[in-house]
Amino acid sequence: MDCPITKFNVIWKKALQDSPLKQKSAVCISTIDANGFPQSRFVDLKSADNNGFIFCTYLDSNKGKEIQDNPKVSLTIWWDHIGMQIRIAGQAEKISEQLSTEFWYTRSRDAKLTTTSFNQSQPLSCESELDTRFELIKQQMQNQEVPKPDNWGGYVIKPLSIEFLTFKESRLHLRELYQSKNEQWQKSLLQP
C-alpha cells in the first residue's frame with residue numbers, strides 16, 4: 001500500500017470495529033505555545049482523506065491561537081487493541097465555514113450546548129458554574145436547533161510525514177515512514 005492515507009483509513013476502520021474505547025476517534029494533537037513548549041490534548045478526528053486530517057474545536061481556544069501563531073502540528077494515535085501507533089506531522093489550515101457547519105450538525109445536542117455555554121480554556125470561577133451555565137443554555141435553547149457559534153470550526157492537517165508503528169510483543173516493531181517530497185510519498189523503514 002503506497003498511499004499512507006489509504007493505509008491510514010484501512011487501519012482506522014479496523015480500529016473502529018469492536019473498539020473497547022469510548023472515544024473511538026480520539027487522537028492527540030500537539031501544538032507549540034508562545035513560549036516554545038509543546039502542548040498536547042485529545043480531539044475527535046472527523047475525517048482523513050487526500051486533503052488531510054480534520055478535527056474541530058473552538059477557533060479562539062489556546063489550541064486555535066497556537067495554530068494561528070505556528071501552524072506546524074502533530075497528531076499521535078495509539079490504538080492498543082490493534083497494536084498500532086501512528087504519528088503525523090504537518091501544517092494546519094482552517095477548513096471552510098460550510099464544512100465546519102456540516103461537522104457542527106453531526107455533534108450531539110449536549111456537545112452543541114456545552115460549546116455554546118463556555119469559552120474553552122478560559123478561567124472558571126467554580127465547579128458549580130459548569131452545571132449552572134449548561135442548564136441556562138439548555139433552557140434558553142429548549143425546542144430550538146443550536147446554531148454553530150462563530151468561534152467554532154475546524155482545521156485540516158496537511159501531512160508532511162506519516163509513521164506507522166506496528167507493535168510486536170518481541171519489541172521488533174515494524175516502523176514505516178512516509179514522507180511527502182514534491183507531492184509524492186516516499187516510504188522508508190525505521191529501526192524499532
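- For the pair Ile32/Asp69, no side-chain contact is recorded, criterion being any heavy-atom separation below 4.5 Å from C-beta on.
- In summary, the aromatic rings of Phe164 and Tyr178 are positioned with their centroids under 6.0 Å apart.
- Taking CD1 from Ile77 and CG from Leu165, the interatomic distance works out to 12.5 Å, rounded to the nearest 0.5 Å.
- Between atom OG1 of residue Thr166 and atom CD1 of residue Ile86 there is a gap of 9.0 Å, rounded to the nearest 0.5 Å.
- Linking Ile, Leu, Val, Met, Phe, Trp and Tyr whenever their side-chain heavy atoms come within less than 4.5 Å puts Leu75 and Ile11 in one cluster.
- Side chain of Arg175 to backbone of Pro192: no donor-acceptor contact under 3.5 angstrom is found.
- With contacts defined as side-chain heavy-atom distances shorter than 4.5 Å, the pair Lys63/Val43 qualifies.
- Although no hydrogens or angles enter the test, the distance criterion places no donor-acceptor pair under 3.5 Å between the side chain of Asp2 and the main chain of Trp185.
- Counting only heavy atoms from C-beta outward, the side chains of Gln23 and Asp44 never approach each other to under 4.5 Å.
- Remark: side-chain polar atoms of Gln122 are not paired, donor with acceptor, to backbone N or O of Phe118 under 3.5 angstrom.
- Using a distance-only test at 3.5 Å, with no hydrogens or angles considered, a donor-acceptor pair links the side chain of Asp33 to the main chain of Asn35.
- For the ring-ring contact (aromatic ring centres under 6.0 Å, His included) with Phe53, the lone residue among Tyr155, Trp12, Phe8 that qualifies is Phe8.
- Atom OG1 of Thr115 sits about 10.5 Å away from atom NZ of Lys148, to the nearest 0.5 Å.
- Contact check for Val27 versus Ile88: no side-chain heavy atoms found under the 4.5 Å cut-off.
- Side-chain contact between Asn70 and Thr31 is absent, with no heavy atoms from C-beta onward closer than 4.5 Å.
- Under a 3.5 Å cut-off, the side chain of Asn182 and the backbone N or O of Gln184 do not form any donor-acceptor pair.
- Under the 4.5 Å side-chain heavy-atom criterion for Ile, Leu, Val, Met, Phe, Trp and Tyr, Trp104 and Leu59 are members of distinct hydrophobic clusters.
- In this structure, CG on Asp131 lies 10.0 Å from NZ on Lys138, to the nearest 0.5 angstrom.
- The ring pair (Phe, Tyr, Trp, His ring centres under 6.0 Å) search around Phe103 returns none, not counting sequence neighbours.
- Atom CD of residue Glu127 and atom OG1 of residue Thr132 lie 11.0 Å apart, to the nearest 0.5 angstrom.
- Note on Tyr105 and Tyr58: separate hydrophobic clusters, where clusters join Ile, Leu, Val, Met, Phe, Trp and Tyr whose side-chain heavy atoms are under 4.5 Å apart, directly or indirectly.
- Formation of a donor-acceptor pair under 3.5 Å by the Ser100 side chain with backbone atoms of Gly154 is found in this model.
- With a 4.5 Å cut-off on side-chain heavy atoms, Ile29 and Ser40 do not count as touching.
- Side-chain contact between Ser117 and Leu136 is absent, with no heavy atoms from C-beta onward closer than 4.5 Å.
- Sorted by first then second residue, the side chain to side chain donor-acceptor pair (under 3.5 Å) pairs that include residues 79-88, not counting sequence neighbours, are Arg87-Glu163.
- Glu145 and Met141 make their closest contact through O-CE, 3.2 Å (heavy atoms, listed as atom of the first residue, atom of the second, distance).
- Counting only distance, with no hydrogens or angles, the side chain of Lys24 and the backbone of Leu21 share a donor-acceptor pair below 3.5 Å.
- In this structure a side-chain-to-backbone donor-acceptor pair under 3.5 Å is present from Lys158 to Asn51.
- Glu135 and Gln139 share no donor-acceptor pair across their side chains, judged by distance under 3.5 Å alone.
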